[in-house]
Amino acid sequence: MRKTLAKPFSTAIATLLKTPYLPNSHSSPSFFKPPYSTFAPLPPPEWVHPFNDLSDLISAGPKSGLQPSPWVPKILLILQNTTLEEDLSVFCQKYLIKLPPSFVAYILKQSGQFPNRADTAFRFFIWAGKQKGYAHSLECYVFVIEVLCSETNFDRAKLVFDDFKSKGFLMNSSAANSLVRSFGNGGMVEELLWVWRKMKENGVEPSLYTYNFLMNGLVDSMFLESAEKVFEVMENGKVKPDIVTYNTMIKGYCKWGNLKKAIEMFQDMEARNVGPDKITFLTLMQACYSETDYNSCLKLYNEMRDKGLEIPSHAYSLVIGGLCKDGKSLEGYAVFENMVTDGCGSNVAIYTALIDAFAKNGDLEMAMGLFRRMENEGFKPDEVTYGVIVNSLCRNGRLEEALEWFDYCLRNNVVINAVLYSSLIDGLGKAGRLEEAERLFEEMGCARDSYCYNVLIDALAKNGKVDEAVNLFERMEEEGCGQTVYTFTILIDGLFRARRNEEALKMWDVMMDKGITPNSASFRALSTGLCLSGKVARACKILDELAPMGIVLESAFEDMMNVLCRAGRVVEACRLADGVVERGREVPGRVRTVMINALRKAGNDDLAMKLMHSKIGIGYDRMRSVKKRVKFRTLVVS
DNA sequence: TTAGGGTTAG
């Protein structure tokens, strides 16, 4: 038997590398190329059966006349099988094969092509390391680290690397590239620096790839200043920054929220003749989109078109999505038509965004037309699309149709998510159909999120069922669903409406104690309740307490003025205006404008005109020949 | 080697 094993492993591997079964055989690492003569022998190809698993392989034995078959890929498939080590042990023993490190490295490298392989790969690596007469090569370490880092298993990667360091391998450039990439992705800076030092020691010059991997690692770990330094080194060194380096830096600035610097770099690259590519544009567009700067998104898209660059489908998604969010459904549709003309395929997300935008603009016919067109083109509407349809119908008072679509989803096994449920519960609540809303809430087929709770709490509170709303608020906590600033706003508003002022104030304190940051809307609910019950000073005090916490609510004072004027409490409004000026919380000119607008909004045109034609708020009291600002109070006194 | 979308509440 041993005699028949004499055919070298190299022959088997060489044959296998040529077979179409081998995934990505063209990308096989260079150290799998000959010479293989030092490898222990494996069964010759003619033995090999088209195995389904390793047990087949083991039991096959010599069978003449069979076609050579790619058994290595079969072993790779067995990587999905947890008994790999055991099987391989048996296999190696049976054929008395000495496990070659290159084989282990190969399996580890290939295992990266399967999802969630880090655990198996790691155990395989450990198992192989324990085999008699076997020692891991540099590549084994590099590949297992690569697999571990790609699945964010950084602790294990560190463990393996500590072992690696003790072995005293000579660093080479491909190992260095891989390690820099792995450690960069994991933010393992210490390890990264070790590799860099080792490269220097062993005279391995960093290539453009090494630099770019390093840059990407630094940027992803938010070490932006270090990335800037590396960039500088590249600019002054032999290896100049290329398009990837620039794109990585731009990504860094975007992630850091420094869009201005990203744009500067974008302009700088043009000046240095490194033309921006589709990735540069897409990165910038994504950043603009995230900052809701949809206009810049559109400008970048137009620039891309002018340059004749290929426009990726995702860029269209961003531009169309941005226009839709801005309520510009027609403009969004125009870009959509460009996309179709360019031969760039649409997708469910783009259709859904357009349907939503048209529906929000009240054009339900166009929205439904797009829905049908999408279906005719073979796109299957998903849970988000149905969510948009149901929400649009609810918003437009077409609750019955929304319910029909809900039934349709149920009948056709379409997933119904919490968004669709919350839209429907909200629709029912706003239509006063509380019982149905509550029933739907209880019967929900998925986990309830804060939206679902909030819409129902709102429905209850607005329909005079404040106790039930508070019960639901408590149940929310019991069921582990986080209360949000919306929950508190709804309840504070509801409690004030029910004249349960002290409870409303307590609710505000609970919110603060929970570390939930109030916003303009929540303070509006509180201040409205307080102002209408004559406690303007208390509202001001609470507002003043927020400032030291760094919470500045831009419209707070304006909202209070509006509420007071609308309630005809002009004296209190004037007192508030004077207080705001005296505390220097707002420039007098603006307070004056706010006051005029508030009076106008409240329909009190007479006082608004009087204020406009006086020097109140900005003028000086010359009668008493003391330079003093005329108080707003004089508006109602004189 | 670098980039990745759509729906909901006060």
Side-chain angles (χ1 to χ4, degrees), chain A residues 177-178 180-181 184-185 207-217 219-220 241-252 254-255 276-287 289-290 297 312-322 324-325 332 346-357 359-360 374 379 381-392 394-395 416-427 429-430 449-459 461-462 484-494 518-526 528:
Chain A
N177 276 350
S178 170
V180 167
R181 179 155 72 143
N185 288 341
S207 65
L208 182 59
Y209 274 53
T210 329
Y211 274 118
N212 284 342
F213 285 140
L214 175 67
M215 288 282 293
N216 196 47
V219 160
D220 281 349
D242 74 336
I243 178 74
V244 177
T245 328
Y246 272 100
N247 286 348
T248 308
M249 248 354 263
I250 287 172
K251 175 180 78 171
C254 289
K255 278 178 91 169
D277 66 355
K278 60 178 178 180
I279 295 179
T280 324
F281 278 99
L282 205 53
T283 308
L284 285 168
M285 285 171 83
Q286 184 67 54
Y289 185 86
S290 303
C297 230
S313 157
H314 188 68
Y316 279 113
S317 291
L318 293 172
V319 181
I320 297 171
C324 286
K325 282 202 168 151
S346 183
N347 56 49
V348 180
I350 290 180
Y351 267 113
T352 306
L354 282 167
I355 292 169
D356 186 53
K360 283 209 173 82
M374 169 185 168
F379 292 109
D382 64 9
E383 55 190 286
V384 183
T385 321
Y386 288 109
V388 164
I389 300 283
V390 166
N391 182 256
S392 308
C394 286
R395 276 170 190 265
I416 301 174
N417 62 23
V419 178
L420 195 149
Y421 273 110
S422 67
S423 294
L424 211 48
I425 294 168
D426 192 39
K430 288 203 165 64
D449 64 5
S450 67
Y451 282 83
C452 301
Y453 276 97
N454 290 346
V455 290
L456 189 57
I457 291 176
D458 188 49
K462 290 231 167 51
T484 69
V485 67
Y486 279 81
T487 325
F488 286 96
T489 308
I490 293 163
L491 281 171
I492 290 168
D493 179 73
N519 58 19
S520 292
S522 55
F523 184 76
R524 195 182 307 131
L526 181 84
T528 303

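Residue numbers start from 1 in every chain, and the chains themselves are labelled A, B, ... in the order their sequence lines are given, proteins ahead of strands.
Within 4.0 Å (heavy atoms only), A:Lys430 reaches sugar-phosphate atoms of the nucleic acid but no base atom. Within the nucleic acid shown, A:Asp493 has no heavy atom closer than 4.0 Å to any nucleic acid atom. Residue contacts shown for A:Val390 are absent, as no nucleic acid heavy atom lies under 4.0 Å away. No contact: A:Thr487 has no heavy atom under 4.0 Å from any strand. A:Val455 comes within 4.0 angstrom of the backbone, heavy atoms only, and of no base. Within the 4.0 angstrom heavy-atom criterion, base atoms lie near A:Asn519.
What separates CG of A:Asp449 from P of B:dG10 is a distance of 14 Å, to the nearest Å. A:Arg181 places its CZ atom 11 Å from the C1' atom of B:dT2, with the value rounded to the nearest Å. Between A:Met374 atom CE and B:dT7 atom P there is a gap of 14 Å when expressed in whole angstrom units. Atom OH of A:Tyr421 and atom P of B:dT8 are 19 Å apart (whole Å). One atom, CG of A:Asn185, and another, P of B:dA3, lie 9 Å apart when rounded to the nearest Å. Here the C1' atom of nucleotide B:dG6 and the NE2 atom of A:His314 are 11 Å apart, to the nearest Å. One atom, OH of A:Tyr386, and another, C1' of B:dG6, lie 15 Å apart when rounded to the nearest Å. Atom CZ in A:Phe213 sits roughly 7 Å away from atom P in B:dT2 (whole-Å rounding).
Set against B:dT8, B:dT2, B:dT7, the side chain of A:Tyr451 has B:dT8 as its closest nucleotide. Distances were taken from every side-chain heavy atom of A:Asp356 (C-beta onward) to each of B:dG6, B:dA9, B:dT7; the shortest belongs to B:dT7. Among the nucleotides B:dT1, B:dT8, B:dG10, the one closest to the side chain of A:Ser422 is B:dT8. Minimum atom distance to the side chain of A:Ala353 is reached by B:dG6, of the listed B:dT1, B:dG6, B:dA9. Listed candidates were B:dG10, B:dT2, B:dT8. Nearest to the side chain of A:Ile490 is B:dG10. Of the candidate nucleotides B:dG10, B:dA3, B:dT8, B:dA3 has the atom lying nearest to any side-chain atom of A:Pro312. You'll find that the side chain of A:Lys251 is closest to B:dT2, out of B:dG10, B:dT7, B:dT2.
Listed by chain and residue number, A:Lys430 satisfy the side chain to side chain donor-acceptor pair (under 3.5 Å) test with A:Asp426 (two or more places apart in sequence, or in another chain). Legend: residues meeting ring-ring contact (aromatic ring centres under 6.0 Å, His included) with A:Tyr209, ordered by chain and number and at least two apart, are absent.
When A:Ile457, A:Val485, A:Thr484 are each tested for a side-chain contact (heavy atoms from CB on, under 4.5 Å) with A:Ile490, only one passes: A:Ile457.
The pair A:Lys325-A:Asp356 does not meet the salt-bridge criterion, since no charged nitrogen lies less than 4.0 angstrom from a carboxylate oxygen.
Proximity of A:Lys325 to the phosphate of B:dG6: a side-chain N or O atom is located under 4.0 Å from OP1 or OP2.
In summary, the side chains of A:Arg181 and A:Asn185 do not present any donor paired with an acceptor at a separation below 3.5 Å, with no hydrogens or angles considered.
At a cut-off of 3.5 angstrom, counting only N and O atoms as typed in the model, there is no donor on one side facing an acceptor on the other between the side-chain of A:Thr283 and the base of B:dG4. Remark: the A:Ser423 side chain and the B:dT8 base include no donor-acceptor N/O pair separated by less than 3.5 Å.
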